Amino acid sequence: MEGKHTGDEVKIRGWIHRTRDIGNMAFLNVRDPSGIVQATFSKDDMDEDKFEEVKDLLVESSLKVKGEVAEDERAPGGYELRVTDVEIVHASEDFPIHKDQSVEHLLDNRHLWIRSTEMRDILNVRSTVFGAIHEFFRKEGYKEFQSPILTPLACEGGATLFPVEYFDDHVYLTQSWQLYAEAGIFGTGDIYTIAPSFRAEKSRTPRHLTEYWHAEVEGLWHDLDDIIELGEGLVLHIVDRVLEENEEELERLEVDLDYLKGLEAPFPIITYEEAVSKLQEEGIDVTYGEDFGVPEEKKLTSLFDKPVFVTHYPKEIKAFYMKRAGEDDTKVLGYDLMVPHVGELIGGSVRETDVDSMIRRLEEGGEDPSIYDWFLDTRRYGSVPHAGYGLGIERVIMWLCDLDHIRDAIPFPRTPNRYRP
RNA sequence: GCCGUCGUAGCUUAACAGGCAGAGCACUCGGCUGUUAACCGAGCGGUUGGCGGUUCGAAUCCGCCCGACGGCGCCA
């Protein structure tokens, strides 16, 4: 509907977005996955009974319309379809969503709300992001590798797990692909996955889901510089692809396109220690050894016009599997990639390869190393240096689309208070 | 887990130092030959989240419970 079909007879199959009738004429805005166009019905040009039937249709009724495309400044968008024939596919019941809706009502009716232009735009971007991740890793020579969703293992020290009955026993929904990936690299080499991860944490924030999609990668012989480059490359590739495929959607979502278009390598890299001094200079009350909270992240990301890598965190605030930095073993060879409004996009690290120090770290963390027995075998039979990271896909979408809440980055969000529809 | 805000018609809400629960949208009926969230007229629609208490009288005050939303913490 941009003038390309003016004068042509076309058929459209879709749903009624809005209706108006003025006696002998009716105007139906018809939506399909590509957009909305006004369909104009005139009593004189069609069967009278059918006209009356069309006039009575409610919003979201499905129909097929045939007619001529006409340029008309009175039509929204400047073009309309002058209908000559219509087939009613299904006359809708009174649709629960109208104007003036609360967040709560839209979430209760999420299965209907995903028909909205806003949700459709976001989900189109989401589709591009998933495709771009596969493209990037395959282009870079990484193989796709799957881990089980049902697992007896915890993967991250403190994080809580969803228990699942497993016949007479119980297992958990996975929090991460990583531990299985660390076994996988011995056969397949460099690997990646896109898979759901589950966290049973009652996090009440705009950037947490209990079920989220996780892009993870594990690379043989990789060091910290390798996974920094790999993280930066992935993010830039996603941005490029979304700008190529979804500029129209991003404009409707009122995203700052100049910011996204201006992103290029290299992203700034600072150590945790430098970050702490910078924050202190900026008047933020942080002491060395504390993990960053929301105020710290907010300030830190505001100091850069690109995503920023923060490396070499103290070992106390990071997971047991991260390798110590050779020059200072109070720090780990890992990083977080942070962006404004969203916080952490990627968390990555070089993995500890020595079985004894790994067992020690687990015991220090109050865990029973015997549960990790099979995993520790990856450090017993030809242990090799390796590294990897995990990226929160909904967080990337939230960042790209400038969303206020991560729940809108996924069709059917799962949060501590909500698991329907 | 902690702190805060809010539950009134299908939806969005008004009424709150206690005194007849009212409107807009949606829907139904009627009118209108170019509407743009059309408009005009009429109608339908309420156990004020639940239980208990105070009071002559509670949507309004008090207690408990349930639910949702927002913020912090934890993380991707």
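Just the heavy atoms: all of them, side chains too, but no hydrogens, waters or symmetry mates, feed the values below. So that the names make sense, note that chain A is the first sequence line, chain B the second, and so on, each numbered from 1. Fair warning: this is a prediction, and the values are worked out from it, not measured in the lab.
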Regarding A/D72, tell me which of base, sugar-phosphate or nothing describes its non-hydrogen contacts under 4.0 Å with the strands shown.
base
So if I take every side-chain heavy atom of A/H98 and compare against B/rU35, B/rG10, B/rU33, which nucleotide ends up nearest?
B/rG10
Describe the nucleic acid contact of A/Q38 in one word from base, sugar-phosphate, nothing, applying a heavy-atom distance below 4.0 Å.
base
Give a yes-or-no answer on whether the side chains of A/D336 and A/Y313 include a donor-acceptor pair shorter than 3.5 Å.
yes
Do A/E201 and A/H208 have side-chain N/O donor and acceptor atoms under 3.5 Å apart?
no
Assess the residue pair A/F304 and A/I270 against the criterion (side chain to side chain contact (heavy atoms under 4.5 Å, CB included)); give the C-alpha distance rounded to whole Å, side-chain angles, the decisive distance to 0.1 Å, and a yes or no.
CA-CA 11 Å; A/F304 301 91; A/I270 62 170; 4.2 Å; yes
If you check every side-chain atom of A/R20, which of B/rG73, B/rC69, B/rU35 has the closest atom?
B/rU35
From the options B/rC32, B/rU33, B/rA68, select the nucleotide whose nearest atom is closest to the side chain of A/D21.
B/rC32
Out of B/rG70, B/rC32, B/rU12, which has the shortest distance to the side chain of A/H405?
B/rG70
Given B/rG73, is OP1 or OP2 found less than 4.0 Å from the side-chain N or O atoms of A/R204?
no
Using the rule for Phe, Tyr, His and the six-membered ring of Trp, do A/F27 and B/rG34 stack at under 5.5 Å and under 30°?
no
May I ask you to say what A/T415 touches in the nucleic acid, namely base, sugar-phosphate or nothing, with a heavy-atom cut-off under 4.0 Å?
nothing
In whole Å, measure the gap between the P atoms of B/rG1 and B/rU47 for me.
33 Å
Give me the distance, rounded to whole Å, that separates B/rA26 from B/rC11 when you measure between the C1' atoms they each carry.
7 Å
Give a yes or no on whether the ring-centroid distance for A/Y142 and A/F136 is below 6.0 angstrom.
no
Between the base of B/rG34 and the side chain of A/E80, is there a donor-acceptor distance below 3.5 Å?
yes
Is it the case that the side chain of A/D72 and the backbone of A/R74 share a donor-acceptor pair, with hydrogens and angles ignored and the cut-off at 3.5 Å?
yes
Measuring only the C1' atom in each nucleotide, how far is B/rG19 from B/rC2? A whole number of Å is fine.
41 Å
Using a cut-off of 4.0 Å on non-hydrogen atoms, how would the nucleic acid contact of A/I393 be classed: base, sugar-phosphate, or nothing?
nothing
Report which part of the nucleic acid A/H208 touches: base, sugar-phosphate, or nothing (heavy-atom distance under 4.0 Å, all strands).
base
How would you label the contact of A/P96 with the nucleic acid (heavy atoms, under 4.0 Å): base, sugar-phosphate, or nothing?
nothing
Using only modelled atom types and a 3.5 angstrom limit, is any donor from either the side chain of A/S203 or the base of B/rC74 paired with an acceptor on the other?
yes
Candidate nucleotides B/rA26, B/rC69, B/rC74, ranked by approach to the side chain of A/D94 - the nearest
B/rA26
Between B/rU12, B/rA76, B/rG73, which one does the side chain of A/R199 approach most closely?
B/rA76
Is any side-chain nitrogen or oxygen of A/R207 closer than 4.0 Å to OP1 or OP2 of B/rG70?
no
Between A/E87 and A/K11, does the salt bridge (Lys or Arg N to Asp or Glu O under 4.0 Å) criterion hold? Intermediate values first, please.
CA-CA 11 Å; A/E87 182 191 334; A/K11 291 177 187 172; over 6 Å; no
If you measure from the P atom in B/rC40 to the same atom in B/rG22, how many Å do you get, rounded?
23 Å
Tell me, which stems hold RNA chain B, with a stem being 3 or more Watson-Crick or G-U pairs in a row and both distances under 3.5 Å?
B:1-7 with B:66-72, B:10-13 with B:22-25, B:27-31 with B:39-43, B:49-53 with B:61-65
Closest of B/rG34, B/rA76, B/rC74 to the A/I22 side chain is B/rG34
Indicate yes or no for a side-chain donor-acceptor contact from A/D223 to the backbone of A/D225 under 3.5 Å, with no hydrogens or angles considered.
yes
Residues of residues 291-314 of chain A with a heavy atom under 4.0 Å from any atom of RNA chain B, listed by number, are A/D291, A/G293, A/V294, A/P295, A/E297
Report yes if a side-chain nitrogen or oxygen of A/N417 is closer than 4.0 Å to either non-bridging phosphate oxygen (OP1 or OP2) of B/rC69; otherwise report no.
yes
Counting heavy atoms from C-beta on, name the nucleotide in B/rG71, B/rC74, B/rA76 closest to the side chain of A/E201.
B/rC74
